[in-house]
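Here the structure comes first, spelled out in structure tokens, and everything after it is commentary.
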2 protein chains.
Amino acid sequence: MTKTRRRRTKEEARAEILSAAAKRLLDAGPDALRIADVAADVGMTHPTLLHHAGSRDQLVQDATVYLMQRTAARTLEAMQRAGDERDLDAFVRESLEAFRDEGRSRAIAWLALTGRLAGTPKPPWTPFVAAAQAARERRRARGSGGSQPAPQREDDDVSTRSALVLAFLAVFALDLIGDTVLADAGLGEGPAATDRFVRWFARLLQRTLTE
Amino acid sequence: MTKTRRRRTKEEARAEILSAAAKRLLDAGPDALRIADVAADVGMTHPTLLHHAGSRDQLVQDATVYLMQRTAARTLEAMQRAGDERDLDAFVRESLEAFRDEGRSRAIAWLALTGRLAGTPKPPWTPFVAAAQAARERRRARGSGGSQPAPQREDDDVSTRSALVLAFLAVFALDLIGDTVLADAGLGEGPAATDRFVRWFARLLQRTLTE
DNA sequence: GATAGTGTCTACAAGAATGTAGATAGCAAA
DNA sequence: TTTGCTATCTACATTCTTGTAGACACTATC
């Protein structure tokens with residue numbers, strides 16, 4: 001009966017706890033999070049975890065913020081990498097992959113369902129809007145040769161933002177329930193069906209943002 | 001201390017229980033459903049509820065099916081009413097309203113997150129696909145005057161189905177997280193912002209399904 | 001009006017989950 | 001080495017939740 005106690009610094013303990021809690025949060029949701037489970041994941045007893053986390057409610061809240069910030073960073077990076085210059089097909093596909101990998105859709109859905117979404121740090125939309133807007137104007141200038149009437153700036157802006165919102169909503173929903181919906185609609189199953197739909201959707205976006 | 005016992009038939013009791021359980025399910029999700037709460041809603045004690053429902057798990061499962069069937073009926077009716085002949089603006093708006101009223105988006109999201117979505121009765125897509133396809137061909141025949149080359153039937157079908165899937169996904173996500181996303185993207189707040197986006201999206205759909 | 005069937009209740013059992021109290025042990029600084 | 005700090009543990013208390021047992025009461029039927 002060798003009892004090997006591992007002693008962490010306060011910060012290490014907190015980091016490990018948050019990470020494990022975020023994982024459980026993603027899997028089973030806030031209501032199903034059990035501090036004893038999280039403690040076991042990290043390798044400590046639940047009173048020790050409480051010593052660091054304060055209370056269950058506090059842990060859920062902290063893990064929520066941690067989760068959203070972590071996934072936001074990863075997602076935005078992927079979107080930025082893909083959305084800058086290349087075509088929208090890559091943009092949509094990479095966004096979807098980032099959402100999927102980090103479980104961002106699930107995180108957002110959990111928060112929305114439990115009424116915590118509003119109180120969460122929001123992602124920065126401004127750079128995307130600016131980039132998309134610039135790309136649109138570039139395409140238009142190239143295409144028209146300057147012979148078209150001056151574009152209506154305001155309508156353009158709303159249209160660009162709407163397209164980005166649509167992309168966000170579609171990727172979110174596609175990740176969450178895409179497989180089921182595509183199958184129900186008779187568009188096939190598995191990754192191939194999703195790929196086809198993503199390509200179709202990217203073409204649609206491209207046309208909208210180019211016109 | 002007048003104890004007024006109300007005696008229901010087996011069927012009445014079951015119906016009331018299912019309805020109340022579905023409401024709680026929608027609000028707080030499967031994990032947070034407490035049979036004592038549901039029993040209180042209906043006006044009975046929790047052992048009585050168990051007598052009718054069997055067990056908590058059984059109740060959750062039955063309420064899930066009940067909920068999905070009820071919302072499906074209402075939603076499909078609204079979509080059918082709007083999607084048959086009129087423009088797509090009405091179609092999208094009415095779908096969204098139906099989703100919202102019945103909490104169908106929340107129900108779907110709960111099921112998806114807890115891994116129950118696959119085992120749920122699927123809505124009938126065929127009539128919508130057929131109607132949308134017919135409408136598209138009608139529009140095209142009217143527009144082209146018969147001078148265009150014969151349309152590629154297969155691509156057309158995939159495109160129609162894809163558009164319907166996109167509409168479904170968008171309405172679903174818009175209901176769940178639309179307010180937050182629209183606000184984050186700088187497209188305004190409240191019902192007005194949603195309305196504007198719905199109109200924009202409907203125009204997009206219209207163009208896609210008409211070409 | 002008596003009787004049978006069963007919907008409903010009260011009381012209790014058992015377990016799970018959060019949180020507290022006090023002892024112990026690992027680590028760093030004197 | 002010694003000492004102080006605190007991360008960690010064991011043991012316990014409390015509350016919440018599901019589920020069971022058996023008595024009671026409402027309704028229909030004879």
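The analysis underlying the following values was restricted to heavy atoms, covering all of them including side chains, and did not include hydrogens, waters or symmetry mates. Just so we're on the same page: letters track the sequence lines, and every chain starts at 1. Just so it is clear, the model here is predicted, and its values are computed rather than measured.
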- [ ] Answer yes or no: is there an ion pair linking B/Asp89 with B/Arg93, defined by an N-O contact shorter than 4.0 Å?
- [x] yes
Task: Atom pair distance, as rounded to whole Å: CG in B/Leu49 and P in C/dC9 - done: 11 Å
- [ ] In whole angstrom, give the distance that lies between atom CZ of B/Arg8 and atom P of D/dA28.
- [x] 16 Å
Between the protein and nucleotides 4-6 of chain D, list every N/O to N/O distance that falls short of 3.5 Å.
from  : atom 1 : to     : atom 2 : distance (Å)
D/dT6 : O2     : A/Arg7 : NH1    : 3.4
D/dT6 : O2     : A/Arg7 : NH2    : 3.0

Open item on the list: Can you work out whether B/Pro47 or B/Thr9 has the more 5'-proximal nearest nucleotide on DNA chain C?
Closed with: B/Thr9
Task: No-hydrogen, no-angle side-chain donor-acceptor test under 3.5 Å, A/Gln61 and A/Asp57 - done: no
Task: For the student: nearest non-hydrogen atoms of B/Arg106 and A/Ala112, plus distance - done: NH1-O, 4.1 Å
- [ ] Would you mind telling me which of C/dC9, C/dG7, D/dC9 lies closest to the side-chain atoms of B/Lys10?
- [x] C/dG7
- [ ] Decide yes or no for A/Asp179 and A/Thr194: does some side-chain heavy atom of the first lie under 4.5 Å from some side-chain heavy atom of the second?
- [x] yes
- [ ] Give a yes/no on whether any side-chain N or O of A/Thr48 is located under 4.0 angstrom from OP1 or OP2 of D/dC9.
- [x] yes
- [ ] Check whether any side-chain N or O of B/Trp110 sits under 3.5 Å from a backbone N or O of B/Leu26 as a donor-acceptor pair, and report yes or no.
- [x] yes
TODO: Kindly calculate the angle separating the two end axes of the helix from C/dG1-D/dC30 to C/dA30-D/dT1, each obtained from five base pairs, and round it to 10 degrees.
DONE: 0°
Task: Between D/dT10 (C1') and A/Met44 (CE): distance, integer Å - done: 16 Å
Open item on the list: I need the A/Ile108 CD1 to A/Phe99 CZ distance, nearest 0.5 Å.
Closed with: 5.0 Å
Task: Atom-pair distance (CG on A/Leu50; P on D/dT10), nearest Å - done: 15 Å
- [ ] Grab the CG-C1' distance between B/Asp57 and D/dT17 for me, whole Å please.
- [x] 13 Å
TODO: Determine the contact category for A/His52: base if any of its heavy atoms lies under 4.0 Å from a base atom, sugar-phosphate if only primed atoms, P, OP1 or OP2 are that close, otherwise nothing.
DONE: sugar-phosphate
TODO: Would you give the length of the straight line joining atom OG1 of A/Thr9 to atom CZ of A/Arg14, rounded to the nearest 0.5 angstrom?
DONE: 12.0 Å
Open item on the list: Which nucleotide wins on minimum distance to the side chain of B/His46, given the candidates C/dT8, D/dT18, D/dT8?
Closed with: D/dT18
Task: 4.5 Å side-chain heavy-atom contact, A/Arg24 and A/Asp37 - done: yes
- [ ] Measure the distance from CD on B/Glu16 to P on C/dG7 and round it to the nearest whole Å.
- [x] 14 Å
Between the protein and nucleotides 13-17 of chain C, which nitrogen or oxygen pairs come in under 3.5 angstrom?
from   : atom 1 : to      : atom 2 : distance (Å)
C/dA17 : OP1    : A/Arg34 : NE     : 3.3

Task: Test item: B/Leu76 and B/Pro124 side chains (from C-beta on) under 4.5 Å apart, heavy atoms - done: yes
TODO: For side-chain contact (heavy atoms from CB on, under 4.5 Å), just list the numbers for A/Thr208 and A/Leu166, CA-CA rounded to whole Å, side-chain angles, deciding distance to a tenth of an Å, and then say yes or no.
DONE: CA-CA 11 Å; A/Thr208 307; A/Leu166 178 63; over 6 Å; no
Open item on the list: Please tell me whether A/Ser162 and A/Ser159 have a donor and an acceptor in their side chains that are separated by less than 3.5 angstrom.
Closed with: no
